[in-house]
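Lettering follows sequence order; numbering is per chain, from 1. Since the model is a prediction, treat every value here as computed from it, not as a measurement.
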Amino acid sequence: MREKATVLNSDDIERIIKRISHEIIERNKGSENIIFIGIQKRGVPLAKRIKENIESLYSSEIKLGKLDISFYRDDINEKIKSDVNITEIPFEIKGKDIILVDDVLFTGRTIRAAMDAIMDFGRPKSIQLVVLIDRGHRELPIRADYVGKNLPTSLNEFVEVKLNETDNEDKVSICWI
Amino acid sequence: MDKKKDILSLDEFSVEQINEFLIQTESFAEILKRDIKKVPALRGKTIINLFFEPSTRTKVSFEIAAKRLSADLINFNTSSSSLRKGESEIDTIKTINSMENDLIIIRHSDSGYINYFAKNVPVPVVNAGDGKHEHPTQALLDLYTIYKNFTNLKDLKIAIIGDILNSRVARSDIKLFNKMGMDVKVVAPSMLMPEDFSSFKTKFANNIDEVISDADVLYMLRMQFERQERKFYPSIKEYNKFLSLDMARFNLMKKDAILMHPGPVNRGIEISGEVMDIETLNKDKIKINAQISNGVAVRMALLYYALS
């Protein structure tokens with residue numbers, strides 16, 4: 001895999017987090033009814049950053065869950081992922097506005113699986129989707145409510161997201177496969 | 001095609017794989033705590049539960065594990081099957097192969113039969129206990145139960161007490177615990193020790209009092225009367241005197257030590273009724289029911305692994 005170009009650096013990511021925090025508050029008219037769920041792995045630190053940003057702006061306390069979607073994938077006969085991360089949603093989601101967070105939106109299949117998983121925990125009032133990068137090529141009728149950056153790609157490219165919490169640096173780049 | 005993933009013995013797994021497996025099992029245990037205890041991970045997969053030997057807990061445990069992952073599980077009841085009608089074992093295997101299935105869980109009273117079986121079927125095979133030989137899923141759930149109570153497994157002191165000779169649980173446990181660097185001591189009268197005991201490479205004692213106040217884990221084995229062709233022990237009173245866990249001995253256990261038993265317990269033989277009756281009040285210490293619930297999570301992780 002060869003890096004072609006850097007798309008976002010650490011400052012860019014920070015600005016995106018700040019902008020999306022405000023968009024979420026604007027759309028939901030405050031932070032009282034929202035909870036965050038990050039999709040393992042990199043959706044979790046992203047969700048945590050947005051959540052903490054909103055908390056510091058509005059001195060409120062917002063819940064954060066983690067979701068691993070391995071058990072809900074639809075490509076089971078092609079490949080079952082053998083490494084499974086922990087799912088942790090230790091609170092009631094019924095009636096809540098869930099802010100679902102992932103790093104890259106691509107085919108939409110991960111989000112489909114995540115929505116199925118969430119429904120097994122209860123019936124939320126709404127699910128809204130945050131992604132850092134939307135790279136196109138959707139295979140399902142799914143779109144994001146909050147997008148960090150729209151990044152048109154070709155199918156032989158790969159979007160690599162690195163975050164401090166998981167990879168010791170904040171950077172998004174586009175690579176050749 | 002990749003090699004199929006049989007789980008016949010834990011000898012084939014490295015320490016790293018086992019550690020990784022313990023971590024992964026947490027994700028499956030989490031599913032069991034949800035309101036809706038079911039995920040679609042193995043939807044559309046067919047699993048056959050083939051028990052040639054009676055079993056309640058292991059069979060049901062696998063059944064729950066498969067269902068929690070949305071697999072279809074079919075119980076093949078051998079007591080009413082064609083084997084009783086004179087079908088040879090190789091023909092039974094052919095019959096099972098002809099039914100579409102993705103994985104077979106098998107228990108058999110002959111040590112080694114399952115290895116032969118696995119060579120002759122195209123799908124992954126999980127050993128649910130063969131004769132006096134191995135019981136890998138029990139060993140893993142025992143290890144997971146210990147892991148949940150002690151963060152560091154290395155040098156943990158384990159005493160395995162009772163009918164070592166007839167116990168496949170003991171064999172699989174001793175091998176696995178040794179592999180993980182734990183300090184294993186076996187406690188049994190000489191007549192309940194196998195002849196090849198030296199190959200276990202563990203310490204040995206005759207009396208539970210030698211280990212009671214020192215062990216981190218006290219693992220009581222079941223007296224397997226059904227496997228004992230002759231009488232191995234003079235009397236229950238004698239067994240009680242040297243090997244049983246009664247209230248007085250229970251109170252001598254270390255503060256953080258835990259008590260385990262693979263079940264079913266012979267009350268008054270391995271463990272006194274008094275001790276059994278205080279389990280709900282002493283969940284931090286008595287882990288016999290925890291072993292059963294952990295068994296479901298461990299078997300879910302194993303089924304998922306074997307089919308991935």
Side-chain angles (χ1 to χ4, degrees), chain A residues 35-44 47 63-96 98 100 107-125 127 140 142 166, chain B residues 1-5 7 13-14 16-47 65-72 100-103 123-124 144 147-148 296-308:
Chain A
I35 53 174
F36 279 88
I37 293 182
I39 299 178
Q40 295 273 23
K41 268 195 160 165
R42 290 184 184 76
V44 175
K63 293 195 167 84
L64 169 68
K66 301 171 184 175
L67 183 66
D68 183 275
I69 55 100
S70 311
F71 302 141
Y72 291 84
R73 292 170 70 100
D74 58 2
D75 48 1
I76 183 163
N77 288 317
E78 290 148 47
K79 190 181 128 230
I80 298 184
K81 222 177 84 189
S82 55
D83 59 320
V84 180
N85 291 300
I86 194 81
T87 294
E88 219 173 67
I89 307 181
F91 42 77
E92 184 70 64
I93 65 166
K94 194 178 154 196
K96 294 287 178 187
I98 293 182
L100 182 63
T107 60
R109 287 178 194 270
T110 300
I111 303 306
R112 197 280 310 160
M115 289 194 290
D116 274 2
I118 288 171
M119 297 302 178
D120 278 356
F121 283 89
R123 185 182 188 278
K125 181 159 173 265
I127 299 178
L140 297 171
I142 280 170
T166 46
Chain B
M1 207 186 112
D2 293 342
K3 201 168 158 283
K4 68 179 174 119
K5 287 180 175 165
I7 298 162
F13 294 86
S14 67
E16 291 72 33
Q17 279 177 305
I18 303 233
N19 276 323
E20 181 59 25
F21 183 84
L22 294 173
I23 295 166
Q24 298 270 304
T25 301
E26 295 283 340
S27 299
F28 293 87
E30 178 271 324
I31 296 169
L32 300 175
K33 293 191 200 112
R34 298 183 188 176
D35 286 342
I36 299 176
K37 298 174 177 54
K38 198 179 184 79
V39 295
L42 298 183
R43 199 171 55 181
K45 301 283 182 191
T46 304
I47 295 175
K67 289 183 174 172
R68 297 283 186 247
L69 295 173
S70 301
D72 297 309
E100 289 293 314
N101 66 75
D102 300 290
L103 184 142
V123 298
Y144 181 68
Y147 165 81
K148 294 276 282 178
V296 175
V298 164
R299 289 181 174 115
M300 284 165 77
L302 277 173
L303 293 177
Y304 186 81
Y305 162 83
L307 285 167
S308 66

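- Heavy-atom pairs under 4.5 Å with chain A were tallied for I23(B), L69(B), I31(B); the largest tally goes to I31(B).
- The nearest pair of heavy atoms linking N85(A) to S27(B) is O-OG, 3.1 Å.
- With rounding to the nearest 0.5 Å, the separation of CD in E30(B) from OG1 in T87(A) is 5.0 Å.
- The nearest pair of heavy atoms linking I36(B) to D120(A) is CD1-O, 3.3 Å.
- Within a 6.0 Å sphere centred on NZ of K38(B), other residues, nucleotides and ligands contribute more than 12 heavy atoms.
- In this pair, Y304(B) and F71(A) present their aromatic rings perpendicular. The plane angle is above 60°, beyond the 30 to 60° band.
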